Amino acid sequence: MGKLELTPEVLELISERFKALGESTRLQLLTSMREGEKSVNELVEETGLGQANVSKHLQILHAIGFVSRRKQGLFVYYSLADESVFTLCDIMCGQLEERLESQRRILAS
């Protein structure tokens, strides 16, 4: 499979996905769903955020394609639709760990 041509339209799509990940609340919600499907109420309980706030961020994550949703009766359940988001998070966490370790070594000397 060849590389995707980075046209202005494709770059805009990439940018939108990174913008969605640029909000710590959304990362918190994604991390919570890493364990499996959750209702909005469960996400509110786990995060301590307000229901309206959780719903707003879930709408963004759904629109961008990071989560899927299903309705059952009065409840809406969300789950990860694209687990590759954690590949990005793992890369960033690894870089942060390296940077912190480097700073610790400098401070220790």
Side-chain angles (χ1 to χ4, degrees):
M1 186 171 168
K3 285 187 177 180
L4 184 62
E5 184 180 347
L6 297 178
T7 64
E9 294 81 13
V10 171
L11 291 171
E12 183 62 29
L13 290 172
I14 293 168
S15 173
E16 290 300 316
R17 290 176 72 86
F18 277 114
K19 282 182 202 174
L21 296 177
E23 168 62 51
S24 62
T25 299
R26 291 184 205 126
L27 292 172
Q28 186 179 8
L29 291 168
L30 289 168
T31 300
S32 183
M33 285 181 277
R34 198 172 194 175
E35 301 167 3
E37 181 181 73
K38 304 277 174 85
S39 70
V40 174
N41 290 337
E42 289 171 316
L43 291 167
V44 166
E45 262 185 47
E46 285 184 19
T47 62
L49 301 167
Q51 190 272 331
N53 195 17
V54 168
S55 292
K56 176 187 79 164
H57 288 293
L58 287 171
Q59 284 179 338
I60 293 167
L61 291 170
H62 181 264
I64 218 77
F66 284 133
V67 299
S68 58
R69 65 181 174 208
R70 70 177 181 86
K71 190 169 183 175
Q72 183 175 340
L74 300 174
F75 298 96
V76 179
Y77 293 89
Y78 287 85
S79 59
L80 293 174
D82 184 356
E83 292 199 28
S84 67
V85 66
F86 292 112
T87 302
L88 294 172
C89 291
D90 291 343
I91 290 168
M92 186 57 63
C93 287
Q95 290 177 342
L96 289 173
E97 286 174 2
E98 287 175 19
R99 187 172 191 170
L100 287 172
E101 185 56 37
S102 175
Q103 288 176 346
R104 283 188 195 112
R105 284 193 303 269
I106 290 169
L107 291 173
S109 52

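All values reported here derive from a predicted model rather than from experimental measurement.
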Over-ring placement of Arg69 relative to Tyr78, 6.0 Å and 45° cut-offs = no

Stepwise side chain to side chain donor-acceptor pair (under 3.5 Å) test for Asn41 and Ser39 = CA-CA 5 Å; Asn41 290 337; Ser39 70; 5.0 Å; no

Only counting residues at least two apart or in another chain, list the ones meeting salt bridge (Lys or Arg N to Asp or Glu O under 4.0 Å) with Arg105.
-> Glu101

Excluding sequence neighbours, so at least two apart, what forms salt bridge (Lys or Arg N to Asp or Glu O under 4.0 Å) with Glu45?
-> none

For residues 4-15, please give each side-chain donor-acceptor pair under 3.5 Å, one per line with the distance, not counting sequence neighbours.
{"from": "Thr7", "atom 1": "OG1", "to": "Glu9", "atom 2": "OE1", "distance (Å)": "3.3"}
{"from": "Thr7", "atom 1": "OG1", "to": "Val10", "atom 2": "N", "distance (Å)": "3.2"}

From [atom1] ([X]) to [atom2] ([Y]), nearest 0.5 Å:
X	Y	atom1	atom2	value
His57	Leu29	NE2	CG	7.5 Å
Arg26	Lys19	CZ	NZ	11.0 Å
Arg104	Leu107	CZ	CG	9.5 Å
Ser68	Glu37	OG	CD	7.5 Å

Any Leu21 side-chain heavy atom under 4.5 Å of Leu30 side chain |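 Touching, per the 4.5 Å side-chain cut-off.
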
Do Tyr77 and Lys38 come close enough that some side-chain heavy atom pair is under 4.5 Å?
->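 No; the side chains remain at least 4.5 Å from each other.
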
Distance-only polar pair, side chains of Glu46 and Ser32, donor-acceptor under 3.5 Å |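 Distance-only check passes for Glu46 and Ser32.
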
Can Gln51 and Ser55 be counted as having a side-chain donor-acceptor contact under 3.5 angstrom?
-> yes

Establish whether [X] and [Y] are linked, either directly or via other cluster members, by ILVMFWY side-chain heavy-atom contacts under 4.5 Å.
X	Y	result
Ile91	Leu27	no
Ile60	Phe66	no
Leu49	Leu43	yes

Of all heavy-atom pairs between Leu58 and Met33, which one has the smallest distance, and what is that distance?
->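 Scanning both residues, the minimum pair turns out to be CD2-CE, 3.9 Å.
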
Closest approach of Gly65 to Asp82 (non-hydrogen atoms, all atoms of both residues) = O-CB, 3.8 Å

More than 12 heavy atoms from other groups under 6.0 Å of CZ on Arg99 = no

